[in-house]
Amino acid sequence: MRDDKVIAPALLDWYDRHARVLPWRVPPGGPPADPYRVWLSEVMLQQTTVAAVKAYFQRFTELWPTVQDLAAAPDAQVMAEWAGLGYYARARNLLACARQVAAEGGFPTTRTGLRALPGIGPYTSAAIAAIAHDAPETVVDGNVERVVARLFAVNTPLPRAKPGLTALAETLTPQERPGDYAQAMMDLGATICTPRNPACAICPLVDPCDARAEGIAAELPRKAPKQPKPTRQGTVWVARSGDAILFEERPTKGLLGGTLAFPSTSWDGRDLPPPGPADWQEIGQVRHVFTHFTLTLTVLLGDLTGNPQRGHLVRLDRIDRDALPGLMRKVWDVAQAEIAA
DNA sequence: TTCCAGGAAG
DNA sequence: CTTCCTGGAA
């Protein structure tokens with residue numbers, strides 16, 4: 001019978017030598033990390049890769065070094081700085097959370113207290129408690145699910161396996177250095193125990209790993225088959241008026257909520273009229289893949305011949321491509337190419 | 001070109 | 001259980 005007690009010490013020993021160096025990280029065994037920086041990085045890392053987050057984290061901490069600074073920022077500036085990172089509800093929750101924390105004089109120190117804040121769920125609450133306060137909380141992200149599924153050779157497919165994997169993960173969390181341990185688990189998943197070709201030959205946990213023993217490490221965790229994505233259609237209007245272009249804020253709830261956009265139909269079958277009178281010309285199409293559907297938008301360009309029905313005009317030299325979400329950047333690029341031609 | 005990884009909210 | 005995006009790998 002395997003002794004699970006060897007797992008945490010072996011992993012911590014590996015982490016002391018191989019911890020990833022990241023802008024929001026404190027070295028192994030170092031002083032506790034700043035809760036604000038841990039929180040900001042973890043929220044950005046929700047559903048986002050480390051590589052994509054780095055530049056955004058640098059920029060945010062430069063603009064807003066403390067949670068009080070962020071709390072005082074205007075909504076539109078935060079949305080613009082977040083543009084391109086995706087899942088824009090995170091940005092709205094980020095600001096709501098910052099304001100609540102600033103009003104309360106600082107971050108809660110317990111997982112339960114953190115869990116009550118906007119945008120902080122089971123993963124992020126455990127991560128902040130463990131990393132910033134060295135609390136013995138069990139952090140379970142996609143990396144940890146994979147490592148644990150392999151260590152215990154769990155064949156149940158995700159997402160059904162999740163509660164069991166969490167329970168198994170909890171049995172491994174040490175009382176010593178739980179913060180470093182949490183980061184070590186995630187580093188192991190990100191660099192050694194990878195989804196496709198796990199580097200078992202250099203893994204510090206190769207010895208106790210059941211999946212490795214059974215030769216099924218690369219097949220775990222198993223996943224339920226996924227449904228095909230439907231395709232949706234829509235129309236987007238790039239409306240010119242002299243040296244200005246028509247934009248509008250999307251409603252705060254729903255897809256691309258609160259972001260800056262070109263006026264468009266609703267994409268769910270409901271037809272909306274053009275934002276104003278113009279001789280609309282079709283100039284191309286853009287394709288964009290969301291989590292649950294693929295969207296094809298037909299791009300129309302036109303010069304307004306009357307007052308727009310909605311939105312507001314932005315002068316060409318004031319348009320900031322980087323303040324647009326990915327889909328609207330594609331639309332803008334199509335329009336730019338046409339305007340230049 | 002398609003496939004896939006990656007948490008929270010309602 | 002459904003709704004939320006993007007970029008990097010295959």
Side-chain angles (χ1 to χ4, degrees), chain A residues 38-56 79 82-97 111 114-128 137-147 149 157-160 162-163 165-166 169 182 185-187 189-191 193-198 218-232 250-261 266-268 286-297 321-331 333:
Chain A
V38 174
W39 163 73
L40 180 60
S41 63
E42 291 299 342
V43 171
M44 287 181 166
L45 287 163
Q46 291 167 6
Q47 308 300 88
T48 312
T49 61
V50 165
V53 164
K54 281 182 180 172
Y56 284 87
M79 292 308 291
W82 191 276
L85 255 193
Y87 291 110
Y88 298 94
R90 292 184 297 165
R92 299 191 302 273
N93 285 331
L94 187 83
L95 200 41
C97 182
R111 180 177 186 180
L114 289 159
R115 179 71 179 80
L117 291 165
I120 299 187
Y123 164 77
T124 311
S125 57
I128 300 171
E137 300 290 354
T138 300
V139 179
V140 182
D141 71 348
N143 290 306
V144 177
E145 286 177 7
R146 185 168 58 252
V147 170
L158 286 167
R160 196 152 50 85
K162 174 138 178 115
L165 292 174
T166 299
M185 284 290 275
M186 295 190 279
D187 276 20
T191 63
C193 196
T194 52
R196 280 188 254 283
N197 299 304
E219 298 165 33
L220 301 183
R222 304 196 191 282
K223 300 192 174 175
K226 44 184 72 69
Q227 300 53 315
K229 272 179 210 225
T231 297
R232 297 188 196 170
R250 292 185 57 82
T252 47
K253 287 184 185 306
L255 201 67
L256 301 178
T259 63
L260 197 58
S266 68
W267 316 340
D268 58 8
V286 298
R287 189 170 167 282
H288 194 75
V289 181
F290 290 95
T291 313
H292 46 301
F293 68 95
T294 298
L295 177 67
T296 304
L297 283 183
R321 183 182 180 280
D322 292 339
L324 302 172
L327 169 63
M328 294 300 160
R329 288 180 190 174
K330 293 179 188 174
V331 173
D333 291 345

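Not measured: the values here are computed from a predicted model. Here is the naming used below: chain letters follow the sequence lines, and residue numbers restart at 1 for every chain. Both backbone and side-chain heavy atoms feed into the values below; hydrogens, waters and symmetry mates do not.
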Visitor: If we ignore angles and hydrogens, is there a donor and acceptor under 3.5 Å between the side chains of A:His292 and A:Lys229?
Guide: no
Visitor: Output yes when at least one side-chain N/O atom of A:His288 is less than 4.0 Å from OP1 or OP2 of C:dC5, else no.
Guide: no
Visitor: Considering just the side-chain nitrogens and oxygens of A:Tyr88, establish if one lies under 4.0 Å of OP1 or OP2 belonging to C:dT6.
Guide: yes
Visitor: Measure the distance from CE on A:Met185 to P on B:dG6 and round it to the nearest whole Å.
Guide: 13 Å
Visitor: Between P on C:dC4 and NE2 on A:His292, what's the gap in Å once rounded to a whole number?
Guide: 4 Å
Visitor: A:Arg250 side chain N/O closer than 4.0 Å to the phosphate oxygens (OP1, OP2) of C:dC4?
Guide: no
Visitor: Nearest whole angstrom, please: distance from the P of B:dA5 to the OH of A:Tyr87.
Guide: 13 Å
Visitor: How close or far is atom P of C:dC5 from atom CZ of A:Arg90, stated in whole angstroms?
Guide: 9 Å
Visitor: Return whichever of A:Asn197 or A:Phe293 has its heavy-atom-nearest nucleotide of DNA chain C closer to the 5' end.
Guide: A:Phe293
Visitor: Are side-chain N/O atoms of A:Thr48 and A:Tyr56 paired as donor and acceptor at under 3.5 Å?
Guide: no
Visitor: For B:dG6, does OP1 or OP2 lie under 4.0 Å from any side-chain N or O of A:Asn143?
Guide: yes
Visitor: By the 4.0 Å heavy-atom rule, please label A:Thr49 as base, sugar-phosphate, or nothing.
Guide: nothing
Visitor: Are A:Arg146 and B:dA5 close enough that a side-chain N or O sits under 4.0 Å from OP1 or OP2?
Guide: no
Visitor: Over all strands shown, is A:Arg92 touching base, sugar-phosphate only, or nothing at heavy-atom distances under 4.0 angstrom?
Guide: nothing
Visitor: Look at the side-chain N and O atoms of A:Arg196 and state whether any lies under 4.0 Å from the OP1 or OP2 oxygen of C:dA9.
Guide: no
Visitor: Considering just the side-chain nitrogens and oxygens of A:Lys223, establish if one lies under 4.0 Å of OP1 or OP2 belonging to B:dA5.
Guide: yes
Visitor: Starting at atom CH2 of A:Trp82, determine the distance to atom C1' of C:dT6, rounded to an integer number of angstrom.
Guide: 13 Å
Visitor: Any side-chain donor-acceptor pair under 3.5 Å between A:Glu42 and A:Tyr123?
Guide: yes
Visitor: List the atom of A:Cys97, the atom of A:Ile120, and the distance in Å for their closest heavy-atom pair.
Guide: SG-CD1, 4.1 Å
Visitor: Do A:Asn93 and A:Arg90 have a side chain donor and acceptor closer than 3.5 Å?
Guide: no
